[in-house]
Protein chains: 2
Amino acid sequence: MIKVLVIDDEAPILRALKINLTARKYEVSTAADGASGLAAMARERPDVLILDLGLPDMDGTDVIRGVRGWSSTPIIVLSAWGQESQKVAALDAGADDYVTKPFGMDELLARLRAAVRRASPAPDEPVITTADFTVDLAGKRVTRAGADVRLTPTEWQMLEVLARNADKLVTQRQLLQEVWGPGYQNEAGYLRVYMANLRRKLEPDPSAPRYLLTEPGRGYRFRP
Amino acid sequence: MIKVLVIDDEAPILRALKINLTARKYEVSTAADGASGLAAMARERPDVLILDLGLPDMDGTDVIRGVRGWSSTPIIVLSAWGQESQKVAALDAGADDYVTKPFGMDELLARLRAAVRRASPAPDEPVITTADFTVDLAGKRVTRAGADVRLTPTEWQMLEVLARNADKLVTQRQLLQEVWGPGYQNEAGYLRVYMANLRRKLEPDPSAPRYLLTEPGRGYRFRP
DNA sequence: GCCGGTCTTCACGCGTTCTTCGCGCCGTCG
DNA sequence: CGACGGCGCGAAGAACGCGTGAAGACCGGC
């Protein structure tokens, strides 16, 4: 779940944000002034910071600089209308975005999504490991006993689909659809040929598969 | 110098932006409609895109999607006041920021700086070394046996993409897209020609590559 | 207008991969 | 007990992908 920290001294805004963000499945924590905001920032490690510039104890740009000193968490600034120069100062201090009050909740949510999306360019592609080999989805590579295993394009695609659905049953139709595309839904023969190839290259005993399992009449399952 | 592409159909705005940005030492190119804008995007490869949503030929969000299909260049959207839903749609389509007209030039410049700053995190290792040559991503140069290797622009771009994805498989499509732009996804012949050139210039034995590896039917991998 | 460098396009040869087929095994079901 | 469908396996021709050299098109500088 995505964690958001809101620093604002106006209770109504704080409440409105908390309700709306929580409803959208964000995890929300709050702070009412700059000092406790910075403390919360270090403690909570949120994924995004929403910061009101009109705080009682500190200048908003100092809060931004305080955060930027050690973190690159996206910062969305809220502030009253006008104040062009304040806006520029906040952005130059390291804020990522700036929204003027009064603001539409839809807009804020959209900017929030944009900020989160930018911050996480890495759609983490895990490495799946078994006792006999490893499958690296990001590097599109299979290693066995320390050495790379050479897979043909079709073999890799099949393994990739199975690995992404590890432990789940993958239907024959699904497999054919994802590897060969539509129009091959009845070519179940292909699956046997390539499953045999994969097992030859990956299984310790290809005739008694431990990882690439057949579920007769239904499909295949990859059990790491 | 930072390259900015402005897509806008209103001549006065285009002129104002061009003058102001040029004065701030940005390199500015322009386009007056969506289609030529997308073409310019692929051709110029700017560091930031400033996009007006009110284009004559295409819907603004479609332009955004057209760019996001192959590039993560920051996009700042300009648009008339109001239009809350348009704003949300643009941000969700992949825009990074949104400025409503009329806007202050200072604000736009600040948002531009913020976008550029975000886009270049660059805290990572910009120099990749192998036993036979060195690739300096930041300095855009390749050294072999102490001497600079002369690469053509296309050769460098290819090497850069491979080096940034060192040890990872880079798909043919991905490579074509990042070097030639969208619309070249099927020109796999180019890859062979330029890969041969790179190997001739970098590999100790070009016919038995050690670093620039082919994975038949899948793509290429740079192994430092 | 010429010239050097760069990009695009093409054809050939070779090795790999895909597709297709037949055979035999096994479990299920009538 | 026998028929049948689904599966594993091996083999063979066709199709495809890659590396290579070379020629023409294009472009910018002089």
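So that the names make sense, note that chain A is the first sequence line, chain B the second, and so on, each numbered from 1. Just so we're clear, the structure is a prediction, and the values are computed from it rather than from any experiment. Atom set for the values below is all heavy atoms of this structure, side chains included, hydrogens, waters and symmetry mates excluded.
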Using a cutoff of under 3.5 Å, can you pull out all pairs of nitrogen or oxygen atoms linking the protein to nucleotides 8-10 of chain D, with atom names and distances?
residue	atom	partner	partner atom	Å
D/dG8	OP1	A/R199	NH1	2.8
D/dG8	OP1	A/T214	OG1	2.6
D/dG8	OP2	A/Y220	OH	3.1
D/dG10	OP2	A/R200	NH1	3.2

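- A/K87 places no side-chain N or O within donor-acceptor distance of the main-chain N or O of A/Y98, the cut-off being under 3.5 Å.
- For A/R141 and B/D167, the salt-bridge test passes: some basic side-chain N is under 4.0 Å from an acidic carboxylate O.
- A perpendicular orientation is assigned to the rings of B/F133 and B/Y211, their planes being inclined by more than 60° (bins at 30° and 60°).
- Look at A/R210 and A/E203 and you find no salt bridge, because none of the NZ, NE, NH1 or NH2 atoms lies under 4.0 Å from a carboxylate O.
- Using modelled atom types, one side-chain atom of A/R68 and one backbone atom of A/G94 make a donor-acceptor pair closer than 3.5 Å.
- Side chains of A/D205 and A/S207: a donor-acceptor N/O pair is present below 3.5 angstrom, by distance only.
- The side chain of A/Q172 contributes no N or O atom lying less than 4.0 Å from OP1 or OP2 of D/dG6.
- Counting to the nearest Å, the P atom of D/dG19 and the CD atom of B/E203 are 11 Å from each other.
- Distance B/E187 CD to D/dC18 P: 14 Å, rounded to the nearest Å.
- Across A/D96, A/D97, A/I64, a single residue satisfies side-chain contact (heavy atoms from CB on, under 4.5 Å) together with A/V77, and that is A/I64.
- A salt bridge is defined here as a Lys NZ or Arg NE, NH1 or NH2 lying under 4.0 Å from an Asp or Glu carboxylate O, and B/R144 with B/D132 fails to meet this definition.
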Could you list the protein-to-nucleotides 16-18 of chain C atom pairs, N/O on both sides, closer than 3.5 Å?
residue	atom	partner	partner atom	Å
C/dT17	OP1	A/R150	NH2	3.1
C/dC18	OP1	A/T154	N	3.2
C/dC18	OP1	A/T154	OG1	2.4
C/dC18	OP2	A/T152	OG1	2.9
C/dC18	OP2	A/Y194	OH	3.3
C/dC18	O5'	A/Y194	OH	3.0

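- A donor-acceptor pair under 3.5 Å links the side-chain atoms of A/K201 to the main chain of A/R150, judged by distance alone.
- Atom CG of A/N186 is separated from atom P of D/dG5 by 16 Å (rounded to the nearest Å).
- Separating the CD atom of B/E215 from the C1' atom of C/dG15 is a distance of 16 Å, rounded to the nearest angstrom.
- Counting to the nearest Å, the P atom of C/dT6 and the CE atom of B/M158 are 16 Å from each other.
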Under a 4.0 Å heavy-atom criterion, the protein footprint on nucleotides 23-30 of chain C, written with B, S and -, is --------
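- Rounding to whole angstrom units, CG of residue B/L212 and C1' of D/dG19 are separated by 14 Å.
- Ionic pairing of B/K101 and B/D52 is present here: one or more N-O contacts between side-chain nitrogen and carboxylate oxygen are shorter than 4.0 angstrom.
- For B/T73, the side-chain contact (heavy atoms from CB on, under 4.5 Å) partners two or more places apart in sequence, or in a different chain, are B/M41, B/S71.
- Looking at residues two or more places apart in sequence or on another chain, you find a side-chain contact (heavy atoms from CB on, under 4.5 Å) between A/Q177 and A/P182, A/Q185.
- Look at CG on B/L176: it is 15 Å from C1' on C/dT9, rounded to the nearest Å.
- Within 6.0 Å of atom OH in B/Y184, 12 or fewer heavy atoms from other residues, nucleotides or ligands are found, so the atom counts as exposed in its surroundings.
- Axis deviation across the helix from C/dG1-D/dC30 to C/dG30-D/dC1 amounts to 40°, comparing end segments of five pairs, rounded to 10 degrees.
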